[in-house]
Amino acid sequence: MSDNVFDILKERGLIAQTSDDDAVRKMLGNDPIVFYIGFDSTATSLHIGSLVPIMAMKHLQRAGHKPIAIVGGGTTMVGDPSGKAELRQMLTEETIREYGRQIHSQLDRYLHFDGKNCIAVDNADWLLKLNYVEFLRDIGRHFSVNRMLAAEAYRQRMEKGLSFIEFNYQLLQAYDFLYLFRNYGCTLQMGGDDQWGNILAGVDLIRRVDNVKVEAMTFPLLTLSTGAKMGKTASGTVWLDAEKFNPYDFYQYWINCDDRDLGPFLKTFTFLSMDEIKRLESLQGSELREAKQILAFEATIISHGKSAAREAKASSEAAFGTGGELDGMPTTTINRSRLEQGINPAELFAEVGLTGSRGEAKRLIKQGGLYINDQRIDSLERLVNENDLTPEGILLRSGKKKYHRVLAK
RNA sequence: GGGCAGGUACCAAAGUGGUCAAAUGGGGCGGGCUGUAAACCCGCUGGGGUAACCCUUCGGAGGUUCGAAUCCUUCUCUGCCCA
């Protein structure tokens, strides 16, 4: 098999479209190139959806190419209408900066910015300085409104309405590419397939103003076999930040994936060899659990490191099988005196976040959905007290698989 | 700027003075069956309370009324048509 990273991405199903397959393959097979992906600063943390571009960047990085990550302070101020049903909430400049800082440090964990072979830039640095009229004359004139309106991304929005600010997003993203091309020699932009239009706009722009052919590549948008969008669970969005989304829960997210998603997930979210992946995919029935454990372990290592992954794995095994330590389990420590008095379980479950409210906890108790140390709570009268305290603490469970450990001090 | 139609819970969408914490569908959650999977069946789905009941919610703010998601005023946002 070829060691051209293009072929690796292709084999893993990570390529949706390119501007020119042969040209892209050739450029990736030769000397190191500079490429970029943009990340919006719309939240304090990236979520699992950003993992696809991150993995792709890592693949190219491993092959010796030089990544640039744009943390999009400038473009975020405008807001990308692609794939959005309506105008999204406008964030203040200050908020966007703060989000950008956090996202920058997260990306750093994956990519290790060194300021030279791997850098992060904020497009606010150049976009905010643009002069409006000058920009219109130099850049705006290269964009055909007719053509933009024909694009799927905008056509959808013709129904719901599209504000002028959003309509400009594409110009700014195209300009980013031009800027990076001129200042960093960046010749390839990648992104999710929903970005195809925006990315191509940049390719076109560079061809028109600098008469150079640069390239574009997009990744397929991962949807689950159930049709749902990836990355939502009962505990909310699957964030990449360990503070916002516990590594144990992260591990469980992968364990709980649908059988049908296993193969694509292994290819996309781990660096396992294709041979190994083929072996895992061929497993049948309950053996698939083993494959899911490997998926979960590998994916957790990439995002949270080896020791967190080990803890998560051990806790998962402790909760669902035999043996293993519970140390990676989300844990809350409470005052021993409260146990001595006895705690209303509804209160405790709500407090540790296993249920959204006491009312919900009570409902679940009535439905037989809450457990203490794997024993169903069968009465609203029951209190949690010292007798429930095991050497491992008290293991609370909501439903089949949401666990939380309580320690007393 | 003018005219019209709208803003209801996570989403979509009923409701047009009390019987509305608000139909229905989706989603989500719990139970059963399983493999920590899918499909399927049953149940739940604002907060507090064992309960009676209390509190908060129908774009925002005022008002009418014994009583408002429902009527009035005003503000605001969105869509459509005209300019």
Side-chain angles (χ1 to χ4, degrees), chain A residues 81 84-90 156-166 223-238 248-266 280-297 299-300 312-324 326 328-330 342-347 349-351 353-372 374-383 395-404:
Chain A
K84 298 276 181 303
E86 46 204 74
L87 177 63
R88 83 172 110 202
Q89 182 95 43
M90 291 277 245
Q156 278 177 9
R157 291 295 299 277
M158 297 309 283
E159 315 265 322
K160 275 267 183 181
L162 176 70
S163 80
F164 188 64
I165 183 172
E166 298 175 279
T223 44
L224 302 180
S225 52
T226 53
K229 227 184 180 167
M230 225 186 133
K232 296 283 184 189
T233 69
S235 350
T237 305
V238 183
Y248 167 82
D249 290 322
F250 187 83
Y251 180 92
Q252 285 299 313
Y253 176 79
W254 301 105
I255 288 273
N256 285 316
C257 77
D258 191 291
D259 286 3
R260 292 167 292 177
D261 293 323
L262 182 62
F265 279 12
L266 284 165
L280 294 172
E281 275 183 300
S282 70
L283 296 175
Q284 293 296 318
S286 59
E287 287 176 337
L288 283 171
R289 240 176 43 244
E290 181 209 336
K292 288 181 184 176
Q293 281 164 356
I294 292 171
L295 164 69
F297 187 60
T300 308
K313 186 174 197 290
S315 303
S316 173
E317 282 166 359
F320 293 97
T322 46
L326 286 173
M329 182 83 62
I343 307 171
N344 181 321
E347 183 183 327
F349 273 86
E351 186 179 327
L354 231 34
T355 62
S357 65
R358 287 152 167 255
E360 187 186 340
K362 279 185 208 153
R363 249 190 330 264
L364 287 175
I365 290 173
K366 283 179 196 156
Q367 295 179 98
L370 295 188
Y371 309 76
I372 294 169
D374 283 323
Q375 285 233 276
R376 179 172 280 166
I377 301 175
D378 47 15
S379 145
L380 288 170
E381 316 284 291
R382 187 206 198 290
L383 292 179
L395 193 58
L396 303 182
R397 167 153 71 102
S398 164
K400 283 171 197 157
K401 44 200 182 194
K402 275 179 293 172
Y403 282 94
H404 197 100

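Chain identifiers are assigned alphabetically (A, B, ...) following the order of the sequence lines, protein sequences preceding nucleic acid strands; residue numbering begins at 1 within each chain.
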Checklist line | Per-nucleotide protein contact string for nucleotides 32-38 of chain B (B base, S sugar-phosphate only, - none; heavy atom under 4.0 Å) | finding: SBBBBBS
Note to self: If the condition is side-chain hydrogen bond (donor to acceptor under 3.5 Å, both in side chains), which residues does A/Lys362 pass it with, not counting sequence neighbours?
What the structure shows: none
Margin query: Could you tell me the Watson-Crick or G-U partner of B/U45, where both distances fall under 3.5 Å? Say none if there is no partner.
Written below: B/G27
Check: For A/Lys401, what residues pass the side chain to side chain contact (heavy atoms under 4.5 Å, CB included) criterion, not counting sequence neighbours?
Finding: A/Asn256, A/Phe320
Item checked: G-U wobble or Watson-Crick pairing nucleotide for B/A83 (cut-off 3.5 Å, both distances) -> none
Check: Taking only residues two or more places apart in sequence or in another chain, which ones pass salt bridge (Lys or Arg N to Asp or Glu O under 4.0 Å) with A/Arg363?
Finding: none
Note to self: One pair to check against side chain to side chain contact (heavy atoms under 4.5 Å, CB included): A/Arg397 and A/Lys402. What are the steps and the verdict?
What the structure shows: CA-CA 6 Å; A/Arg397 167 153 71 102; A/Lys402 275 179 293 172; over 6 Å; no
Check: B/C40 and B/G25: how far apart are their P atoms, nearest whole angstrom?
Finding: 15 Å
Item checked: Polar side-chain atom of A/Tyr403 near backbone of A/Met329 as donor-acceptor pair, under 3.5 Å -> no
If you restrict it to nitrogen or oxygen atoms, what contacts under 3.5 Å exist between nucleotides 51-60 of chain B and the protein, and what is each distance?
none

Note to self: I'd like to check the side chain to side chain contact (heavy atoms under 4.5 Å, CB included) partners of A/Gln293; sequence neighbours left out, ordered by chain and number.
What the structure shows: A/Tyr251, A/Ile255
Checklist line | Length of the CZ-C1' vector between A/Phe349 and B/G30, whole Å | finding: 13 Å
Next item on the list: Let me see the working for A/Leu262 and A/Glu281 under side chain to side chain contact (heavy atoms under 4.5 Å, CB included), right down to the final yes or no.
Entry: CA-CA 7 Å; A/Leu262 182 62; A/Glu281 275 183 300; 5.6 Å; no
Note to self: side chain to side chain contact (heavy atoms under 4.5 Å, CB included), that's the test. Do A/Leu383 and A/Ile343 meet it? Break it down for me.
What the structure shows: CA-CA 5 Å; A/Leu383 292 179; A/Ile343 307 171; over 6 Å; no
Checklist line | Base paired to B/C66 (Watson-Crick or G-U; both N/O distances under 3.5 angstrom) | finding: B/G18
Item checked: A/Thr355: partners by side chain to side chain contact (heavy atoms under 4.5 Å, CB included), with sequence neighbours left out -> A/Phe349, A/Ala350, A/Glu360, A/Ala361, A/Leu364, A/Leu370
Under 3.5 Å, which N/O atoms of the protein pair with N/O atoms of nucleotides 41-44 of chain B?
{"unit_1": "B/G43", "atom_1": "N2", "unit_2": "A/Gln367", "atom_2": "OE1", "d": "3.0"}
{"unit_1": "B/G43", "atom_1": "N3", "unit_2": "A/Gln367", "atom_2": "OE1", "d": "3.3"}
{"unit_1": "B/C44", "atom_1": "O4'", "unit_2": "A/Gln367", "atom_2": "OE1", "d": "3.4"}
{"unit_1": "B/C44", "atom_1": "O2'", "unit_2": "A/Arg363", "atom_2": "NE", "d": "3.3"}

Next item on the list: Determine the Euclidean distance between corresponding P atoms of B/G59 and B/A13; express it in Å to zero decimal places.
Entry: 14 Å
Next item on the list: Return the set of residues passing side chain to side chain contact (heavy atoms under 4.5 Å, CB included) with A/Pro264 (not counting sequence neighbours), or none when no residue passes.
Entry: none
Item checked: Separation between the P atoms of B/U45 and B/A22, rounded to whole Å -> 10 Å
Margin query: In whole Å, measure the gap between the C1' atoms of B/A21 and B/A9 for me.
Written below: 9 Å
Next item on the list: Mind calculating the distance between CG (A/Leu364) and P (B/G31) to the nearest angstrom?
Entry: 8 Å
Notebook entry, point to check: Could you state the CZ-P distance from A/Arg397 to B/G30, rounded to the nearest angstrom?
Noted result: 10 Å
Checklist line | Distance, C1' atom - from B/C41 to B/G46, rounded to whole angstrom | finding: 28 Å
Checklist line | Residues that A/Arg376 engages under side-chain hydrogen bond (donor to acceptor under 3.5 Å, both in side chains), provided they are two or more places apart | finding: A/Tyr371
Margin query: Using the P atom as the point on both nucleotides, what is the distance between B/C58 and B/C10, in whole Å?
Written below: 12 Å
Notebook entry, point to check: Around A/Gln375, counting heavy atoms of other residues, nucleotides and ligands shown, do more than 12 lie under 6.0 Å from its CD?
Noted result: no
Checklist line | Strand-adjacent residues in residues 353-361 of chain A, judged by heavy atoms under 4.0 Å from RNA chain B | finding: A/Ser357, A/Arg358, A/Gly359
Item checked: Watson-Crick or G-U wobble partner of B/U74, both distances under 3.5 Å -> B/G60
Notebook entry, point to check: Ignoring hydrogens and geometry, is there a side-chain-to-backbone donor-acceptor pair from A/Ser316 to A/Ala312 under 3.5 Å?
Noted result: no
Item checked: C1' spacing across the pair B/G17 / B/G63, given as an integer number of angstrom -> 15 Å
Checklist line | Main-chain N/O of A/Ala314 paired to A/Glu317 side chain as donor or acceptor, under 3.5 Å | finding: no
Item checked: Distance, C1' atom - from B/C42 to B/G49, rounded to whole angstrom -> 28 Å
Margin query: Per the salt bridge (charged side-chain N to carboxylate O under 4.0 Å, His left out) rule, what does the pair list look like for residues 253-262 of chain A, sequence neighbours excluded?
Written below: A/Asp258-A/Arg260, A/Asp259-A/Lys292
